[in-house]
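One structure is given below, encoded as structure tokens.
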Amino acid sequence: MSKVMRWFKSPEWSPYIGGAGLGLLGILALLFTDRLFGASGAFENVAGSIMHVISPALAENMYWKFIMPAGFGFGVMMLIGIFLGSMASALISGTFKLRAVSDDQWVQVFGPSRWKRWGMLFGGAILLEYGAGIAGGCTSGLAISGGVQLAPAAFLFMAGMFISGIITAMILYGKRY
Amino acid sequence: MTALLPALIVGFAFGWILQKSRLTQYAKIVNVFRFTDTAVLKFILTSIVVGAGGIYLLKDMGLVALTGTTPTYIVGNLLGGLIFGAGMAGAGF
């Protein structure tokens with residue numbers, strides 16, 4: 001039993017275990033909730049709700065009316081769950097840390113400036129949400145949720161993601177690639 | 001509110017698995033694009049193999065229905081993926 005507990009608390013699981021676990025979770029989620037995963041859409045739902053307060057006229061446009069309805073629904077609740085679950089996992093495995101610059105590798109390549117990191121995070125996140133909006137989902141909402149249902153869109157999305165991800169990493173890393 | 005509890009539970013397990021697989025780390029995400037750490041690929045492809053196997057089994061048994069996935073729209077899916085990948089390599093998530 002202590003072996004199981006030690007594994008449960010270990011800071012890193014094999015990606016095969018993690019992936020298999022996520023596959024099983026997807027099966028259970030579809031069986032019991034008729035839905036699969038999603039993370040990026042929730043930001044648009046919340047943005048719609050905020051728009052209703054700031055500018056009700058804008059919130060009535062096609063996008064929030066039909067594509068991404070405003071409100072705190074299934075997606076937002078799942079996003080809160082993702083935050084709590086990853087935090088619980090980090091706390092229990094003892095890897096929880098508050099940091100301004102996230103990563104050793106980042107510091108080695110781009111230096112310790114926190115504004116550079118935060119700027120890149122913000123810019124990258126805008127591209128992520130914009131790309132996910134055009135494609136119809138993000139890594140979880142399209143690549144995995146679509147992939148397990150063998151939707152062609154998921155595999156087209158992943159192809160695009162890897163093509164530009166590799167090129168962007170080459171450009172950013174330059175000689176260090 | 002009770003209708004949303006399953007969403008919270010699924011999200012909690014999802015976040016737990018992502019954190020345990022260290023996919024919340026900048027280096028894990030970027031290094032798959034540098035071919036120095038393929039954990040992201042192993043993770044995504046394993047989840048698709050396991051998930052697709054189970055879901056199609058249950059579908060053939062008549063226990064689940066597919067969610068009516070994102071429609072195939074080659075330009076949109078691919079272009080969205082291209083923009084998404086650039087952000088992913090820059091931000092690392």
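- With rounding to the nearest 0.5 angstrom, the OG1 atom of A:Thr33 is 11.0 Å from the CG atom of B:Leu4.
- Contact between A:Ala169 and B:Arg34 at its shortest, heavy atoms only, is CB-CG, 4.3 Å.
- For the atom pair A:Asp34 CG and B:Leu66 CG, the distance stands at 11.0 Å (nearest 0.5 Å).
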Enumerate donor-acceptor pairs with a distance under 3.5 Å from any side-chain N or O in residues 11-28 of chain A to protein atoms, sequence neighbours excluded.
{"residue": "A:Glu12", "atom": "OE2", "partner": "B:Lys28", "partner atom": "NZ", "Å": "3.2"}
{"residue": "A:Trp13", "atom": "NE1", "partner": "A:Trp7", "partner atom": "O", "Å": "3.0"}
{"residue": "A:Ser14", "atom": "OG", "partner": "A:Tyr16", "partner atom": "N", "Å": "3.0"}

Could you check B:Trp16 against A:Ile92 for side-chain contact (heavy atoms from CB on, under 4.5 Å), going step by step and ending with a plain yes or no?
CA-CA 10 Å; B:Trp16 179 285; A:Ile92 287 172; 3.8 Å; yes
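- In this structure, no portion of A:Phe96 lies under 4.5 Å from any heavy atom of chain B.
- Contacts of A:Tyr173 with chain B are made by side-chain atoms alone, with heavy-atom separations under 4.5 Å and no backbone atom involved.
- Contact check for B:Pro6 versus A:Phe32: no side-chain heavy atoms found under the 4.5 Å cut-off.
- When hydrophobic clusters are built by joining Ile, Leu, Val, Met, Phe, Trp and Tyr residues whose side-chain heavy atoms come closer than 4.5 Å, directly or via intermediates, A:Trp106 is grouped together with A:Met170.
- Looking only at side-chain heavy atoms (C-beta outward), B:Lys59 and A:Leu30 stay at 4.5 Å or farther from each other.
- Ranked by heavy-atom pairs shorter than 4.5 Å toward chain B, the options A:Leu127, A:Leu142, A:Ile163, A:Leu172 are led by A:Leu127.
- Smallest separation of non-hydrogen atoms from A:Gly147 and B:Ile48: O-CG2, 3.5 Å.
- For the pair B:Pro71 and A:Ala153, the tightest heavy-atom approach, listed with the atom from each and the gap, is O-CB, 3.8 Å.
- Contact annotation for A:Phe37: only side-chain heavy atoms (C-beta onward) come within less than 4.5 Å of a heavy atom of chain B.
- Between A:Ser89 and B:Gln19, the closest heavy-atom pair is OG-OE1, 2.6 Å.
- Ranked by heavy-atom pairs under 4.5 Å with chain B, the list A:Gly75, A:Gly38, A:Ala88 is led by A:Ala88.
- The number of heavy atoms from other shown groups lying within 6.0 Å of CZ (A:Phe155) is above 12.
- Among A:Ala154, A:Ala90, A:Gly146, the residue with the largest count of heavy-atom pairs under 4.5 Å with chain B is A:Ala90.
- The number of heavy-atom neighbours closer than 6.0 Å to CZ of A:Phe43, taken from other residues, nucleotides and ligands shown, is 12 or below.
- Per-residue counts of heavy-atom pairs under 4.5 Å with chain A were compared for B:Asn31, B:Ile74, B:Leu63; the largest is that of B:Asn31.
- B:Tyr56 touches chain A through its side chain: at least one heavy atom from C-beta onward sits under 4.5 Å away, while N, CA, C and O do not.
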Determine all donor-acceptor pairs shorter than 3.5 Å in which one atom belongs to a side chain in residues 77-93 of chain B; sequence neighbours excluded.
{"residue": "B:Asn77", "atom": "OD1", "partner": "B:Tyr73", "partner atom": "N", "Å": "2.9"}
{"residue": "B:Asn77", "atom": "ND2", "partner": "A:Ala135", "partner atom": "O", "Å": "3.0"}

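- When the candidates A:Gly133, A:Ser86, A:Ser10, A:Gly141 are compared by the number of heavy-atom contacts under 4.5 Å with chain B, A:Ser86 comes out ahead.
- Ranked by heavy-atom pairs under 4.5 Å with chain B, the list A:Val76, A:Ile82, A:Thr168, A:Ile171 is led by A:Ile82.
- Residue contact with chain B, scored on non-hydrogen atoms closer than 4.5 Å, is absent for A:Ile126.
- To the nearest 0.5 angstrom, A:Gln149 atom CD is 5.5 Å from B:Ile55 atom CD1.
- Taking all atoms of both residues into account, the shortest heavy-atom contact from B:Phe33 to A:Phe162 is CE2-CD2, 3.7 Å.
- Using a distance-only test at 3.5 Å, with no hydrogens or angles considered, no donor-acceptor pair links the side chain of A:Arg35 to the main chain of B:Ala7.
- Only the side chain of A:Met158 comes within less than 4.5 Å of a heavy atom in chain B; its backbone stays farther off.
- Using a 4.5 Å cut-off between heavy atoms, B:Arg22 touches chain A through its side chain atoms alone.
- Nearest heavy-atom pair, A:Ile134 versus B:Gly76, reported as atom, atom and distance to 0.1 Å: CG2-O, 3.6 Å.
- Taken to the nearest 0.5 Å, the CD1 atom of B:Ile44 stands 9.5 Å off from the OG atom of A:Ser140.
- Separation of atoms CZ (B:Phe12) and CE (A:Met87) is listed at 11.0 Å; rounding is to 0.5 Å.
- Note that CG of B:Leu8 and CZ of A:Phe83 are 12.5 Å apart. Values are rounded to the nearest 0.5 Å.
- A:Ile50 is not connected to A:Phe122 by any chain of hydrophobic side-chain contacts under 4.5 Å among Ile, Leu, Val, Met, Phe, Trp and Tyr, and they are in different clusters.
- Between chain B and the residues A:Ile167, A:Ile144, A:Leu150, the most heavy-atom pairs under 4.5 angstrom are made by A:Leu150.
- Interface remark: B:Val64 contributes side-chain atoms only to the contact with chain A (heavy atom separation under 4.5 Å).
- With a 4.5 angstrom heavy-atom cutoff, A:Thr139 touches chain B via backbone and side-chain atoms both.
- Side-chain contact between A:Leu121 and B:Tyr26: absent, with no pair of heavy atoms (C-beta onward) separated by less than 4.5 Å.
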